[in-house]
Amino acid sequence: MPRSAKYDLLTLFPEMVEGFLRSSMLGRAVNRGLLEINVHQLRDWAEGKHRLTDDRPFGGGPGMVMKPEPIFSAVESLNEGEACVVYMAPDGEPLSTALAQEFAAKRHLIVLSGHYEGVDQRVRDRIVDREVSIGEYVLTNGTVAAAVFLDCVSRYVPGVLGEEKSLTQDSFSNTLLGFPQYTRPADFRGMTVPEVLLSGDHVKIEAWRKERQIEKTKQTRPDLLNNQSLEP
Ligand code: ADE
């Protein structure tokens, strides 16, 4: 199978996510040639004796701002012409299944993770195509956010998960939360698996699972139940 996607991650802390991106399903997808994932040290594009990547903000204020030059140089050298440049930022578009699916259709992503008080605005204005947030909270830097984003996107690249069906049964993909899963042993310390799952009756199993999904969604995310068909 030809490679479906290439992901370049630019960060000041590659060691935070190198292992993560080589492990589990992502590692398998890379080994199978479905994905190419490269983690780059942004400082490699910084100039001068100290290879500085940040500086004080014009106009004053606390913290440091990431300088534009290394970021422009890095993106220009990595972009083969068609890349989508994504900046991880708490004030970006919220990551969702729909957004992940949209990015999974792109052949080349360059993902930039910010640090300090963020990046120079000229980066956001000129070379960033999209800005993505992984949630309404602020992390110390965007590197882990970038890894979460790439993990989430990769699941929708054809072939990465192996079993396409498991995607459609995910929490959120049909806007109900997931159902409980059990495996052997059927009796563990007196805690038994619900009888219906051992019955072999797939119609009954499906109905039971849908009921559990509705119950769980009512309990923890009632907001998801609006405009939702609750038919079994
Ligand atoms: N960088 C810091 N916090 C972040 C968040 N919540 N999402 C994306 N990037 C971030």
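Below, all heavy atoms of this structure are taken into account, side chains as well, without hydrogens, waters or symmetry copies. Computed from a predicted structure; not experimentally measured. Read the numbers this way: they start at 1 and go in the same order the structure lists the ligands and their atoms.
- Partners of Arg221 according to the side chain to side chain donor-acceptor pair (under 3.5 Å) rule, which considers only residues two or more places apart in sequence or in another chain, are Asp223.
- A salt bridge is defined here as a Lys NZ or Arg NE, NH1 or NH2 lying under 4.0 Å from an Asp or Glu carboxylate O, and Arg124 with Asp91 meets this definition.
- For residues 71-89, the side chain to side chain donor-acceptor pair (under 3.5 Å) pairs, not counting sequence neighbours, are Lys6-Glu80, Trp45-Ser77.
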Can you list every pair where an N/O of ligand 1 is under 3.5 Å from an N/O on the protein?
from, atom 1, to, atom 2, distance (Å)
ligand 1, 3 (N), Leu139, N, 3.0
ligand 1, 6 (N), Gly135, O, 3.1
ligand 1, 6 (N), Tyr137, O, 2.8
ligand 1, 7 (N), Ile134, N, 3.0
ligand 1, 9 (N), Ala89, N, 3.3

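- Counting side-chain heavy-atom gaps under 4.5 Å among Ile, Leu, Val, Met, Phe, Trp and Tyr, the cluster of Trp208 also holds Tyr182, Val193, Val196, Leu197, Leu198, Ile205.
- Closest approach of Pro57 to Gly63, counting heavy atoms only: CD-O, 3.3 Å.
- In this structure, Arg32 contributes its side chain and Gly159 its backbone to a donor-acceptor pair below 3.5 Å.
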